[in-house]
Amino acid sequence: MPNMADFRAIAADTLEKVEGYTASGDWKPWKTSKGMEIVYKDSSDFKGKVYKTMYELDASPERILDLIWDLEKHQKWETALRGGMENVEEIDENLKVIRSISAPLLKGLVSARDFIDLLGYKRYLDKKLILLYWRGVEHSKYKVHVKGCVRGSTYPSAIYLYSVDGNPNKTRGVNIFQLEGHLFPKSLTEKFMPNLQFDWYEDLTKAL
């Protein structure tokens with residue numbers, strides 16, 4: 001199982017990968033709705049899609065960071081994580097391992113998923129940017145899968161929160177999102193996953 005040095009190395013690699021996705025081209029349009037635009041492309045990390053979403057929020061990046069980083073607050077607003085969130089291990093002040101549990105879907109036809117992720121954030125003052133990033137990891141506390149949950153796999157993902165010039169209470173956001181929820185058939189996954197981003201945006205907007 002990874003130790004603290006390993007987790008820091010994983011964090012650095014995750015940052016490099018999400019920055020590569022953000023700078024890359026060849027994105028294909030998927031859908032624009034509810035104030036959010038979603039594009040996608042093939043992932044270089046697994047046999048699936050990576051999605052990029054773009055939006056604006058009426059709050060500062062610091063306020064949004066607080067609502068996401070503080071898991072007690074986070075689990076109150078994100079409906080996809082009705083199963084709860086847990087701080088598993090703190091690595092540094094701005095890096096920790098967390099567990100997130102989704103609720104069953106489609107009247108129980110889709111069982112709950114749990115995710116063990118390394119979550120971190122970094123400030124770039126010169127870019128007026130706060131960058132949250134995460135990816136799935138293994139942890140000794142959850143070596144055995146929890147009964148009633150299917151273990152999902154998160155691949156390098158991020159939330160870019162840019163302060164809007166002239167309006168400190170407005171944020172321009174860009175998300176990089178990719179995970180394997182082990183839904184079958186594969187077409188269900190590719191239909192379901194992007195919709196999670198619309199739900200996330202709507203939930204966060206209500207919480208602000």
Side-chain angles (χ1 to χ4, degrees), residues 1-19 45 53 57 59-105 111-124 129-161 171 173-182 193 196-197 199-208:
M1 294 293 165
N3 57 33
M4 287 195 174
D6 294 330
F7 284 131
R8 293 185 184 105
I10 292 169
D13 182 68
T14 303
L15 280 170
E16 184 177 337
K17 288 194 172 184
V18 295
E19 288 170 1
D45 292 293
T53 65
L57 289 165
S60 69
E62 290 289 346
R63 186 179 177 196
I64 298 166
L65 170 66
D66 180 55
L67 285 174
I68 296 172
W69 184 257
D70 185 326
L71 300 191
E72 288 295 321
K73 296 177 182 178
H74 191 158
Q75 64 187 347
K76 290 178 180 178
W77 61 264
E78 187 166 359
T79 56
L81 300 177
R82 291 192 186 98
M85 304 181 78
E86 172 192 352
N87 279 310
V88 177
E89 182 180 359
E90 184 170 321
I91 310 303
D92 291 313
E93 182 182 0
N94 60 349
L95 188 66
K96 60 188 175 183
V97 178
I98 68 169
R99 179 173 180 247
S100 308
I101 311 165
S102 71
L105 300 171
S111 59
R113 264 62 179 162
D114 77 332
F115 299 88
I116 311 299
D117 292 324
L118 181 66
L119 173 67
Y121 72 88
K122 188 173 181 179
R123 290 184 173 88
Y124 297 83
L129 164 67
I130 297 175
L131 171 57
L132 289 123
Y133 60 94
W134 64 98
R135 77 188 292 174
V137 293
E138 293 183 348
H139 195 279
S140 57
K141 186 175 179 180
Y142 288 103
K143 289 190 291 186
V144 179
H145 290 191
V146 178
K147 185 178 179 181
C149 288
V150 175
R151 178 64 47 82
S153 302
T154 311
Y155 295 92
S157 300
I159 299 172
Y160 288 75
L161 301 171
T171 296
V174 178
N175 293 7
I176 301 295
F177 175 74
Q178 52 178 343
L179 64 81
E180 174 57 84
H182 304 294
M193 292 303 171
L196 285 177
Q197 287 291 282
D199 294 342
W200 176 89
Y201 177 73
E202 189 172 351
D203 289 344
L204 181 53
T205 299
K206 290 176 182 177
L208 292 172

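Below, all heavy atoms of this structure are taken into account, side chains as well, without hydrogens, waters or symmetry copies.
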Asks: Could you measure the distance from the CD1 atom of I64 to the CG atom of L132? Nearest 0.5 Å is fine.
Replies: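 If we round to the nearest 0.5 Å, I64:CD1 and L132:CG are 9.5 Å apart.
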Asks: So which heavy atom on A112 is nearest to which on S102, and how close?
Replies: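 Where A112 meets S102 most closely, the heavy atoms are CB-O, 3.2 Å.
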Asks: If you look at every heavy atom in P156 and K17, which pair is closest and at what distance?
Replies: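 Scanning both residues, the minimum pair turns out to be CG-CD, 3.8 Å.
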Asks: Let me confirm one number: the CD-CG distance from E62 to L161, rounded to the nearest 0.5 Å.
Replies: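 The CD atom of E62 sits 9.5 Å away from the CG atom of L161.
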Asks: Taking the side chain from S157 and the backbone from Y155, do they hold a donor-acceptor pair closer than 3.5 Å?
Replies: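 Yes, because the side chain of S157 sits within donor-acceptor range (under 3.5 Å) of the backbone of Y155.
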Asks: To the nearest 0.5 angstrom, please state how far the CG atom of N3 sits from the CZ atom of R8.
Replies: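 Interatomic distance, N3 CG to R8 CZ, rounded to 0.5 Å: 9.0 Å.
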Asks: Not counting sequence neighbours, which residues clear side-chain contact (heavy atoms from CB on, under 4.5 Å) with N87? List them please.
Replies: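 Counting only residues at least two positions away or on another chain, N87 forms a side-chain contact (heavy atoms from CB on, under 4.5 Å) with L71, K96, I98.
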Asks: With side chain to side chain contact (heavy atoms under 4.5 Å, CB included) as the test, would you mind laying out the steps for L57 and L208 before giving the verdict?
Replies: CA-CA 9 Å; L57 289 165; L208 292 172; 3.9 Å; yes
Asks: Where is the tightest heavy-atom contact between A11 and L95, given as atom of each residue plus distance?
Replies: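 That would be CB-CD1, 3.9 Å.
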Asks: Which atom pair, heavy atoms only, marks the closest approach of M85 to Q75?
Replies: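 Closest pair (atom of M85, atom of Q75, distance): N-OE1, 2.9 Å.
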Asks: Using the ring of each side chain (for Trp, its six-membered ring), is F7 parallel, tilted or perpendicular to H139, with breaks at 30° and 60°?
Replies: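 Geometry flag for H139 against F7: parallel rings.
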Asks: Go through the structure and list residues passing side-chain contact (heavy atoms from CB on, under 4.5 Å) with E202, not counting sequence neighbours.
Replies: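 Expected list: K34, K206.
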Asks: For residues 67-76, pull every pair meeting salt bridge (Lys or Arg N to Asp or Glu O under 4.0 Å), keeping only residues two or more places apart or in separate chains.
Replies: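 Applying salt bridge (Lys or Arg N to Asp or Glu O under 4.0 Å) to every pair that reaches into residues 67-76, excluding sequence neighbours, yields D66-K73.
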Asks: In Å and rounded to the nearest 0.5 Å, what is the OG1 to CG distance from T79 to L196?
Replies: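 It comes to 9.0 Å.
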Asks: Is R113 salt-bridged to E180, going by a charged N under 4.0 Å from an acidic O?
Replies: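 No salt bridge links R113 with E180.
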Asks: Using salt bridge (Lys or Arg N to Asp or Glu O under 4.0 Å), reason through D114 and R151 one step at a time and then give a plain yes or no.
Replies: CA-CA 5 Å; D114 77 332; R151 178 64 47 82; 2.8 Å; yes
Asks: Has K122 got more than 12 heavy atoms of other residues, nucleotides or ligands less than 6.0 Å from its NZ?
Replies: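 No, because the 6.0 Å sphere around NZ of K122 holds 12 heavy atoms or fewer from other groups.
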Asks: Of all the heavy-atom pairs spanning L131 and E19, show the shortest one and how long it is.
Replies: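 Looking at all heavy atoms of both residues, the shortest contact is CD2-OE2, 4.2 Å.
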Asks: Roughly how far, to the nearest 0.5 Å, is CD1 of I116 from CD1 of I101?
Replies: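 The distance works out to 8.0 Å.
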Asks: Is there side-chain contact between T154 and W134, with at least one heavy-atom pair below 4.5 Å?
Replies: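 SC-SC contact between T154 and W134 confirmed.
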Asks: For the pair V137 and D6, evaluate side chain to side chain contact (heavy atoms under 4.5 Å, CB included) and give the outcome as yes or no after the intermediate values.
Replies: CA-CA 10 Å; V137 293; D6 294 330; over 6 Å; no
Asks: What are the two closest non-hydrogen atoms of A59 and T171, and how far apart are they?
Replies: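 It is O-OG1, 2.6 Å.
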Asks: Check whether any side-chain heavy atom of W200 sits under 4.5 Å from a side-chain heavy atom of N175, and report yes or no.
Replies: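 A side-chain contact exists here, since the closest heavy-atom pair is under 4.5 Å.
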Asks: Could you walk me through whether L81 and F115 pass side chain to side chain contact (heavy atoms under 4.5 Å, CB included), step by step?
Replies: CA-CA 10 Å; L81 300 177; F115 299 88; 5.7 Å; no
Asks: Decide, yes or no, whether a salt bridge links R135 with D45 under the criterion of side-chain N to carboxylate O below 4.0 Å.
Replies: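 Salt bridge: no.
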Asks: Could you tell me the separation between the CG atom of L118 and the OH atom of Y133, rounded to the nearest 0.5 Å?
Replies: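 Interatomic distance, L118 CG to Y133 OH, rounded to 0.5 Å: 6.5 Å.
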